[in-house]
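Read through the structure below, which is laid out as structure tokens, and then see the notes.
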Amino acid sequence: MDLKEKLQILADSAKYDASCSSSGSKRSGKEIGNTSISGICHSFASDGRCISLLKILLTNSCIFDCKYCLNRRSNNIKRAIFTPEEICEITINFYRRNYIEGLFLSSGIVKSPDYTMELLIKTISLLRNKYHFGGYIHAKAIPGASPIYVKKLGSLVDRMSANIELPTEAGLKMLAPNKDMGKVSAIMGYVRDNRSRNYVPAGQSTQMIIGATKETDLEIMQKSESMYNGYHLKRVFYSAYIPVNKDNLLPSVSMPPLKRENRLYQADWLIRYYGFKVFDLLDENNPNFNILVDPKASWSLKHLDEFPKEVMSSSYNDLLKVPGIGVTSAKRIIKSRKYFTLTFADLKKMGVVLKRANYFITCNGKYNLNRELFSKNFIESNLILEDKMTSNNNYEQLRLF
Amino acid sequence: MNNVYIYDGNFLNLLNLIMYLFKNKVVPGNIKMEGYLGCLFDYIITLKITNTYTLDNFNQKFGDYNMHIMYYVFLSNDKNKELIIYYYLLNYFKYGNNLSKMRNLNCVDRALKISKYVGNEAHKLKGFIRFKELKNHLLYASVAPENNVLEILSWHFKKRLKNEYWIIKDTKRKIISIYDKKDFYILKEEEWNLQELILDKSEELFADLWKTFYNTTGIKERLNERCRMNFMPKKYWQNMLEVSDEL
């Protein structure tokens, strides 16, 4: 099998992992390569996802038989394995030509978790020590591996992660009978306790598949929140389920639930940067996000009695609750309003999205729209219409009824 | 008459010219680089001034942040960038270090937006530049940015590819940056005789592998052409081997 075919097989099997970030690490190699604290995207694939790292598997042969996975044991597909040298050659040559920011290396499980970890470690130490590669490396830790391997691998990479795959133990039992959540959390706990400048400096992340099992958004977000709090994860990635296998335990969907995935990411941001808690956004009676309205706008519509907020006097945390005001523009408002009186035009200059914020703010006591129309129904239908227009604009003219 | 003051295209000289104008209480109609062809009502003035201040002086006086903003505006392709820098500085004397918060002033808003635009473009190109390996193991890339970001890119690759010889050519401005494993030098294209580019024999293999990877890694069930174009505008595609044939 030639190198090109191997690369094709092993990139194809790795592509379903959502993580591709290359940020959060400050490394400077002696010979070649460094990392950029903000991360750098080198290209964008036809699906619009960023390509930052050379995302490949070391091998796609696997002793596990997870129902949703392309590489499961029972699938009759072509199997390939890279030698450590091949991976190093490709990585270095791609890096010198500035195709990539670094390497993302994962693997199917061959023989045992420990054996697989040994292969990963061998490859990455060759890259770091023989080729003196100082670029970004994200490696997947194999659940169930001995701590000594987890320790060694983490000392070589910028980010290490283990995927939780499904939000509940029950889901995992059904679709990935060889996996168990305890083994994944063992790795997360180890990384949390040992993280330093020399050990997984860019932190850890994880991924959940959305829509393969019956969990609600509430269950998913609760799991995320508990992992952010419990294991100090940098990111939880949500990956809309794409049917690659046929199995009667799997749902039959024709399209991956992309809108749902989008809502989960929005909520994830609200929890990490906007001071929201999961139960602010969802509860047992409304366990799923509204597909038509984004989570922040839904929250605001539910708490309309707290609006409109006055931009000249609201606190930073209150400003963050306004749809159309983000972290950057809220900070700008706080800094600027000490020095001059803001107008709606100034807000626009600062990056506030007025067509959303308009409904929810007053500026110097002035409300930009007709005050009499300040009602849930009016605002909600306008926000939905606005979204529809922006997403349809380039494709087709809006149909009237 | 519209008084247009001419400078030689050097950032330090521009700042000194502006300081000179402040000192003599002259309000310029515009400030333009050498080679500017005036309009009907332009009155072109070229002053002979000796530089009173060095870049260090300016850094100390205005602070790193304001110097950064002004330098990035200077690198931009904005038609009135010199005038924006003039008014930015003028307002500095009124507002001091609070200047960057005064977004209600047009010149501040423009300066911050332009410098962000330049920074963003440089950041994007740090990823989008593609080097080719030439026969003598020299790495060569060409870019066609909207703004003059060659210097910013050179600083980046000086750290990243420190043990390589590389050349980056800005085909729009006809300037090149050459790195000799110690430092980089920015020259006009005609000052350096770029011979015919003969590719190293490994080049075809890795370019082919990269295209294979690129075409494999996209998930076809999630195809999203609009999203790809938002993040990676078509104007950059001509120099990116993985998409140049889609143009």
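What you are looking at is a predicted structure, and each value in this text was computed from that prediction instead of being measured. Each chain gets a letter, A, B and so on, in the order its sequence line appears, and its residues count up from 1.
- In terms of heavy-atom pairs under 4.5 Å with chain B, the best-connected choice from A:Ala240, A:Gly135, A:Gly134, A:Gly33 is A:Gly33.
- Most heavy-atom pairs under 4.5 Å with chain B, from the set A:Ile90, A:Leu54, A:Thr35, A:Leu3: that is A:Leu54.
- Interface remark: B:Ala207 contributes backbone and side-chain atoms alike to the contact with chain A (heavy atom separation under 4.5 Å).
- At distances below 3.5 Å, not a single donor-acceptor pair connects side-chain atoms of B:Asn104 with backbone N or O atoms of A:Asp346.
- Nearest heavy atoms, B:Phe213 versus A:Leu53: CZ-O, 4.0 Å.
- In plain terms, the two heavy atoms of A:Asp47 and B:Thr217 that are nearest each other are OD2-O, 4.1 Å.
- Contacts of A:Glu261 with chain B are made by side-chain atoms alone, with heavy-atom separations under 4.5 Å and no backbone atom involved.
- Using a 4.5 Å cut-off between heavy atoms, A:Leu342 does not touch chain B at all.
- The greatest number of non-hydrogen atom pairs below 4.5 Å with chain B, out of A:Met255, A:Lys30, A:Glu101, A:Arg332, is found for A:Arg332.
- Other residues, nucleotides and ligands contribute at most 12 non-hydrogen atoms within 6.0 Å of the CD atom of B:Glu204.
- Using a 4.5 Å cut-off between heavy atoms, B:Met102 contacts chain A through both its backbone and its side chain.
- Interface residue A:Ser28: only side-chain heavy atoms are found under 4.5 Å from chain B.
- A:Lys15 and B:Thr216 get closest at one heavy-atom pair: CD-O, 3.4 Å.
- With a 4.5 angstrom heavy-atom cutoff, A:Arg96 touches chain B via backbone and side-chain atoms both.
- Remark: B:Glu146 CD is packed, more than 12 non-hydrogen atoms of other residues, nucleotides or ligands lying under 6.0 Å away.
- No side-chain donor-acceptor contact under 3.5 Å links B:Arg160 to the backbone of A:Ile32.
- We find the CE-CG distance between A:Met350 and B:Leu112 to be 10.5 Å, quoted to the nearest 0.5 Å.
- Counting heavy-atom neighbours within 6.0 Å of B:Arg110 CZ, excluding the residue itself, gives a total of 12 or less.
- The structure places CD of B:Glu242 at 3.5 Å from OG of A:Ser43, a figure rounded to the nearest 0.5 Å.
- Other residues, nucleotides and ligands contribute over 12 non-hydrogen atoms within 6.0 Å of the NZ atom of B:Lys181.
- Residues B:His156 and A:Ile40 have side chains in contact (heavy-atom distance under 4.5 Å, counting atoms from C-beta outward).
- Contacts of A:Lys338 with chain B are absent, with no heavy-atom separation under 4.5 Å from either backbone or side chain.
- Atom OH in A:Tyr99 sits 8.0 Å away from atom CH2 in B:Trp210 (nearest 0.5 Å).
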Q.
Walk me through whether A:Glu89 and B:Leu205 qualify under side chain to side chain contact (heavy atoms under 4.5 Å, CB included).
A. CA-CA 12 Å; A:Glu89 278 299 318; B:Leu205 168 70; over 6 Å; no
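- Interface check for chain A: of the options B:Met240, B:Lys126, B:His123, B:Glu133, the most heavy-atom pairs under 4.5 Å are formed by B:Glu133.
- Here the closest heavy-atom approach between residue A:Phe340 and residue B:Lys101 is recorded as CE2-O, 3.3 Å.
- At a 4.5 Å heavy-atom cutoff, A:Ala345 makes no contact with chain B through either its backbone or its side chain.
- Annotation: B:Lys158, atom NZ; neighbour count of heavy atoms from other residues, nucleotides and ligands within 6.0 Å is above 12.
- Each of B:Asn98, B:Leu161, B:Leu139 has some count of heavy-atom pairs under 4.5 Å with chain A, and the biggest count is that of B:Asn98.
- Between B:Phe231 and A:Phe44, the ring planes lie parallel to each other; the angle is under 30°, not in the 30° to 60° tilted range.
- Taking every heavy atom of both residues into account, A:Gly48 and B:Cys227 meet most closely at O-SG, 3.6 Å.
- Residues B:Phe128 and A:His42 come closest through the heavy atom pair CD2-O, 3.4 Å.
- Judged by distance alone, the side chain of B:Lys113 and the main-chain N or O of A:Lys349 form a donor-acceptor pair under 3.5 Å.
- The CD atom of A:Glu31 sits 9.0 Å away from the NZ atom of B:Lys162 when rounded to the nearest 0.5 Å.
- Neither the backbone nor the side chain of B:Ser100 comes within less than 4.5 Å of any heavy atom in chain A.
- For the atom pair CG of A:Asn93 and CG of B:Leu209, the computed distance is 9.0 Å after rounding to the nearest 0.5 Å.
- With a 4.5 angstrom heavy-atom cutoff, A:Ser52 does not touch chain B via any of its atoms.
- Under a cut-off of 6.0 angstrom, the local environment of NZ in A:Lys348 is sparse, with at most 12 non-hydrogen atoms contributed by other residues, nucleotides or ligands.
- Proximity of a side-chain donor or acceptor of B:Lys220 to a complementary backbone N or O of A:Ser46 within less than 3.5 Å is not detected.
- Neither the backbone nor the side chain of A:Leu10 has a heavy atom closer than 4.5 Å to any heavy atom of chain B.
- Taken from CG in A:Asn98 to CZ in B:Phe157, the straight-line distance is 3.5 Å, to the nearest 0.5 Å.
- Heavy atoms of B:Glu203 lying under 4.5 Å from chain A belong to its backbone as well as its side chain.
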